[in-house]
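Atoms within a ligand are numbered from 1 in the order they appear, just like the ligands themselves.
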Amino acid sequence: MPLTFWGERLMSVKVKSAYEPLNELTVLEIVKDIHYFEAAAENELKVKEIGDGNLNLVFHVEHPSSQTSLIVKQALPYAKVVGESWPLTLDRARIESDALLKQSEFVSTLVPKIYYSDQTLAITIMEDLSDHVILRKALVEGKTYRKLAEDIGTFTAKMAFYTSDFYLHPFEKKDQVQRFSNPELCKITEDLVFTDPFFNHDTNDFPKELQSQVEKIWNDKELLREVADLRYSFLTRAEILLHGDLHTGSIFVKENSTKVIDPEFAFYGPAGFDIAHFFANLALNHLAQNVHAKEPFHRESVQGYLLETINKTWMTYETVFTNLWHEHALDPFAKTDGVLERFLHKTFQDAVGFAGCEIIRRTIGLAHVADLDSIEQKDIEVFYKKKALELGSCLIKYRKTFTSITELVNKIKDA
Ligand code: SR1
Ligand code: MG
């Protein structure tokens, strides 16, 4: 199988002829084969497995004395979070490197650089971002980042516009839909976000103290009808190339820098989905700050920052998308009054509903968030999880009554 290499030193090398899970020794062999580091540095390389996500192996490779480093990410043929009983396609490594390449066309400063990718081994070798921290961890610690809203608003708006039918020729758009067909990873979202939490399913995970709140969700027919609509949108509306998993664990930050990582769930889906996941995870952190931020002044300031980030992200999204539309839209109705506004309005109301689903699944589904799970005192954890379920249900059921970002921000503030 031909290998692909991106970066300053273009080359084609064959590192392994068949898939095998890597370890610290085999990672070293591969890194040496691609000659990323100077030959003299190769005997001094240090390798460490640092993956703490649900699905993949992640190796950090460093040459300490020259302070050069890179990341080797390898997809495992199963979901690490569950084990070998949950097989999972290796094609997600191709999706991830293709999505990173596509994102680097439009938002190059907001994604890691790729140096090399190999479909046989299901690896992507990329820029080391260890001078950044994972946003979720930083937010739990009460840290704030000034550029975050503008960066995520820009990322989501540019990716939405440039990969949509408003910009692309219909043949190109349909080619891209095929290239990013990602059925197995979409199925995870269909099940874990849009199905299992709304039924008595064995993947769900919640404290017994939440049983009656959870049953209320399972029995709320009005809620279930709305979830069914949102789920159907996710299944059928191939509008834009989504990151597909844009929670705060998929974002690296440092002062004045934001990098969106891990687009292995990328696929063509409904435009409101990514921004919804960002909002939902900020909303969960906002709830959790009632516990994590002990000092009232600090709590008020961190929660204010989270709400302002949601507000500013949407305002940036609207502005960036609108400017691109006026400059570059090829759609025959682009200049018809109200067409853009209607698209943005629909995207926003969808986002409110998708955010509700994400909030509920992160509270009672298989994959939780540290923001709420790290609350040490059980009764307090349960109290805020109940609040999360109420907020999520309200966003899903009443999403069509939300007409502005201020209304969403106020709802999260009052949760
Ligand atoms: C089995 S994967 C569980 C979750 O981790 C990923 O980051 C996605 O959010 C997925 O739903
Ligand atoms: Mg991930």
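Side-chain contact check for E215 and N219: no donor-acceptor pair (N or O, by modelled atom type) lies under 3.5 Å. Side-chain atoms of R136 and N285 include no donor-acceptor pair closer than 3.5 Å. When only modelled atom types and interatomic distance are considered, S66 and H63 share a side-chain donor-acceptor pair under 3.5 Å.
At least one heavy atom of R362 sits closer than 4.0 Å to an atom of ligand 1. By the 4.0 Å heavy-atom criterion, T189 is excluded from the residues contacting ligand 1.
Counting only heavy atoms of the protein, atom 5 (O) of ligand 1 lies nearest to N54 ND2, 2.7 Å. Nearest protein neighbour of atom 1 (C) of ligand 1, counting heavy atoms only, is V81 CG1, 3.5 Å. Among protein heavy atoms, the minimum distance from atom 11 (O) of ligand 1 is reached at R361 NH1, 2.8 Å. Looking only at protein heavy atoms, the nearest one to atom 2 (S) of ligand 1 is L55 CD2, 3.8 Å. Ranking the protein heavy atoms by distance from atom 9 (O) of ligand 1 puts D245 OD1, 2.7 Å first.
Between the side chain of S69 and the main chain of D128, no donor-acceptor pair closer than 3.5 Å is present.
Each of F265, F267, F354 was scored for a ring pair (Phe, Tyr, Trp, His ring centres under 6.0 Å) with F234, with one residue passing: F267. Applying the side chain to side chain contact (heavy atoms under 4.5 Å, CB included) test between I134 and each of L139, D52, I261 identifies I261 as the sole match.
For ligand 1, none of its N or O atoms has an N or O atom of W86 under 3.5 Å away.
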Show, in sequence, the C-alpha distance, side-chain angles and deciding distance for R92 and D98, and conclude whether the salt bridge (Lys or Arg N to Asp or Glu O under 4.0 Å) test is met.
CA-CA 10 Å; R92 67 189 195 273; D98 279 3; over 6 Å; no
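When each atom of ligand 1 is checked for a heavy atom of F265 under 4.0 Å away, the hits are 6 (C), 8 (C), 10 (C). Here is the list of ligand 1 atoms found below 4.0 Å of a heavy atom in H247: 7 (O).
With a 4.0 Å cut-off on non-hydrogen atoms, E264 does not touch ligand 1 at all.
Residues meeting the side chain to side chain donor-acceptor pair (under 3.5 Å) test with E105, sequence neighbours left out: K102.
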